[in-house]
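The chains referred to below are lettered A, B, ... by the order of the sequence lines, with proteins before strands, and numbering in each begins at 1. Note that these values count all heavy atoms, side chains included, but never hydrogens, waters or copies made by symmetry.
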4 protein chains.
Amino acid sequence: MTREEIQRTAVDLFAHKGFAATSIRQLGTAAGVNPATLYHYAAGGKEEWLATIMRTCLAELLRLGRLALVSSEDPNIQLVQLVRGHVGMTALNPLTARVTDQEMRALSADNFAELVAVRDDYESMFSTVLTRGVRTSAFQVVDARLTRLALLEMCNGVAHWYRPDGRLSVMQVADQFGELASRIVGATRKTDVDLSDNEVVPRRLATEPSSGQSDAVAATA
Amino acid sequence: MTREEIQRTAVDLFAHKGFAATSIRQLGTAAGVNPATLYHYAAGGKEEWLATIMRTCLAELLRLGRLALVSSEDPNIQLVQLVRGHVGMTALNPLTARVTDQEMRALSADNFAELVAVRDDYESMFSTVLTRGVRTSAFQVVDARLTRLALLEMCNGVAHWYRPDGRLSVMQVADQFGELASRIVGATRKTDVDLSDNEVVPRRLATEPSSGQSDAVAATA
Amino acid sequence: MTREEIQRTAVDLFAHKGFAATSIRQLGTAAGVNPATLYHYAAGGKEEWLATIMRTCLAELLRLGRLALVSSEDPNIQLVQLVRGHVGMTALNPLTARVTDQEMRALSADNFAELVAVRDDYESMFSTVLTRGVRTSAFQVVDARLTRLALLEMCNGVAHWYRPDGRLSVMQVADQFGELASRIVGATRKTDVDLSDNEVVPRRLATEPSSGQSDAVAATA
Amino acid sequence: MTREEIQRTAVDLFAHKGFAATSIRQLGTAAGVNPATLYHYAAGGKEEWLATIMRTCLAELLRLGRLALVSSEDPNIQLVQLVRGHVGMTALNPLTARVTDQEMRALSADNFAELVAVRDDYESMFSTVLTRGVRTSAFQVVDARLTRLALLEMCNGVAHWYRPDGRLSVMQVADQFGELASRIVGATRKTDVDLSDNEVVPRRLATEPSSGQSDAVAATA
DNA sequence: GATGAATGAGGATTCATTCAT
DNA sequence: GATGAATGAATCCTCATTCAT
């Protein structure tokens, strides 16, 4: 439990001050433990905290991505589900997502290679869906690669501005971004995603500092 | 001239390693000057380099934004011009834009207040245009605020992936993002922007490290 | 038994890395016990391991020295036996001897005083024999003190280079050093030491890490 | 000058406390400079001080060794000159020699490889001379390798006990060790080394802390 | 007897910055 | 205008050790 509390503190500090600008002393103080104790929980030192956070986050993205891909064979639905999962996950764990997105460069060679590979795996799902949608004329895009990048940046951006205590619920944001994504790819027919037994539901990560809300369902209701 | 060379070096380092992770000594070494000499060019120390970079970048964005707003009274055209200017500027100066976008948190209180105010001024232009477009039914958006944020993040994201020596020219990217923006806001009529005497042309900033290309026009041709 | 295993591990580490450069954690890891457990076996902490090792080693040297002195009244024989014992003991327990010789300075005041006194007691045996040999004209030395120091350093040096799995057996080395010692002191008559019931036989110390051989006799055969 | 003063302080501390047990802070305090300043003079950090000391010392040994080898073709003289140079150098720079002899293990891989190679080069001179002496029957040794090791350790040992303010001058010690070496190798004819224009004269090293005496000649007179 | 958790002190090193030259 | 020297503060991390379990 203590370990997770420290991890949440780390996410909070890394997200707001940046990894490089956060000292191990600050982390210790904020978490209420002696700086030396941090090495008890993470022998790898400062970077291990970062890498663990990122692994957790990317694992959840991968999980949601896979669910999205198997949720339908229709590229329209796959894309919307991908985006809903990504944005929902990001809005539900904005600080974790921010750290994961912004601090890749802080990693040393080994962790960098590992985690970039995972991220690339994840992002390739967007390529797959986009490419299929273009081939089947479900989408009308000028440049698939540019479109993918625009989409991903737009979705990642949610981590920069979403506030759990704000005007919009996690699922409202996720749904609207699904709509925006459809527009961006020029979806040729309007596809209402059947959410009756939707399984692409993002989870609150153990790394995300608490901010009042509890989980995706509660946030939607 | 030396000052500008140092500034370009600073942008390069800040963009790739982050401000906090870049030491004044690394900057000196990379720029080929003694670290102490950096204090002749910027008495304010490390942060002055950062603040100057950001001021330069935001000033250019403001300039382009104003040109976009006066380029037409049609919200469709205004929005597309805003986006084309923003994206063009970002693609033309990706490292400067990246630093400006990502390192706000590194600023001390004074500089932070000043520069956030400038950025808010700039971003309010998007609000203005969006709101007018919604009021006049030129746009079909569910939530104007969310739409603005999605748009801005998508545009800012260009700084994360655009490569001057890549497949697409600055203006190709700018034009395509204009199209994406139109889709995102659900533009009701297709508006071909007349670019015959278009004045919204981004400039290469003195802060941007060289990467082969020279300016926006050349990149377009 | 565990205690002795730890002690052997300690000798190994202290001999190869030095006492100061060996952490209690490394010792624990190498010995396969939790670092905290080390304090059950040696409440005095890190230094107690060192002091115990040294005491063991010096006790054996003292034992051999006394045997050497009573083995004969002839200074020639006494000296050769002293050297044979010292070198044999050193070659049989090279790591223990190395630690004992090199790490005196790491001891705190109390242990330092105690163990230096023991060492001085031991080394005074060489003085005694040398002085008697000079007085009786058994030896031809220019400077007894210098000779004693040269002898001792030469003998201690064995700990730096002797390898149990090397070309020479413990006893071969011991015998040859006996010969060298005779030469150094300019022994006036050649004295063949009768080894038929020689009692100056070094023992394998419990502190010495295993290296394949078992004891002095086996090593001789 | 400051650099050399720091170096002498470093030798003093390393010799008396050991490299690992000497902190960079202690070195700074003892040298009267801020710990950070030490990195101004030796960017490589703590180990650079050690490696520099060793390089200086080994270079002087090599120089003396080469002079000894060319001083005569007679193995007797060569050996005595080698030993006189080695012991003279060691007695003249006891602390530097001690550090060089004892702290090899503290070096990192690169420096270790470099400096061990130099040391091996030097020590091979003893092998060369011994082998020739044995072949020409100038020497009577049972085991050339063992003899070389015994000789070297005896000579190195001088660094452990020689005191500049002691009873014996540097050259007295050097000469006596020359005599001991002759005995050890069983020199068949007594060779009086002609020292009238002897060039094998050890120099005071810049790394050696001052202790009252000035140089080899003065110490001899 | 054994150990995971915890910590204050200290390890080497780098930091941004100043200043005399 | 430029820089080598210098430093106090802070960096990450490891230390030997204690203690509740």
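- Here the shortest heavy-atom pairing between L205(D) and C57(D) reads CD1-CA, 3.8 Å.
- Taking the six-membered ring where tryptophan is involved, the planes of F14(A) and F19(A) are perpendicular, since the angle between them exceeds 60° and thus also 30°.
- Looking at Q102(A) and H160(A), their side chains do bring a donor and an acceptor atom within 3.5 Å of each other.
- Of all heavy-atom pairs spanning Y39(B) and I24(B), the tightest one is OH-CG1, 4.2 Å.
- Counting all heavy atoms, side chain and backbone alike, V11(C) lies closest to V99(C) at O-CG2, 3.8 Å.
- R55(C) and N111(C) share a side-chain donor-acceptor pair at under 3.5 Å.
- Closest non-hydrogen pair, I6(A) versus A31(A), comes out as CG1-CB, 4.1 Å.
- No donor-acceptor contact under 3.5 angstrom links the side chains of T56(B) and T207(B), judged on distance only.
- Residues of residues 43-51 of chain B having a heavy atom closer than 4.0 Å to DNA chain E, listed by number: G45(B), K46(B).
- Checking T22(B) against A20(D), the closest nucleotide of DNA chain E that is more toward the 5' end is the one next to A20(D).
- For the pair P209(B) and R8(B), the tightest heavy-atom approach, listed with the atom from each and the gap, is CG-O, 3.3 Å.
- In this structure, the CZ atom of F14(D) is 12 Å from the C1' atom of dA12(E), given to the nearest Å.
- Between F19(A) and S23(C), the residue anchored nearer the 5' end of DNA chain F, judged by the nucleotide with its closest heavy atom, is F19(A).
- Of the residues in residues 24-42 of chain C, those placing a heavy atom less than 4.0 Å from an atom of DNA chain E are N34(C), A36(C), T37(C), H40(C), Y41(C), in numerical order.
- A salt bridge does not link E103(B) with R98(B): every distance from a Lys NZ or Arg NE/NH1/NH2 to an Asp or Glu carboxylate oxygen is 4.0 Å or more.
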Output the pairing pattern of DNA chain E as a dot-bracket string, 5' first, Watson-Crick or G-U wobble with both distances under 3.5 Å, | for cross-strand pairs, [ ] for crossing pairs.
.||||||||||||||||||||
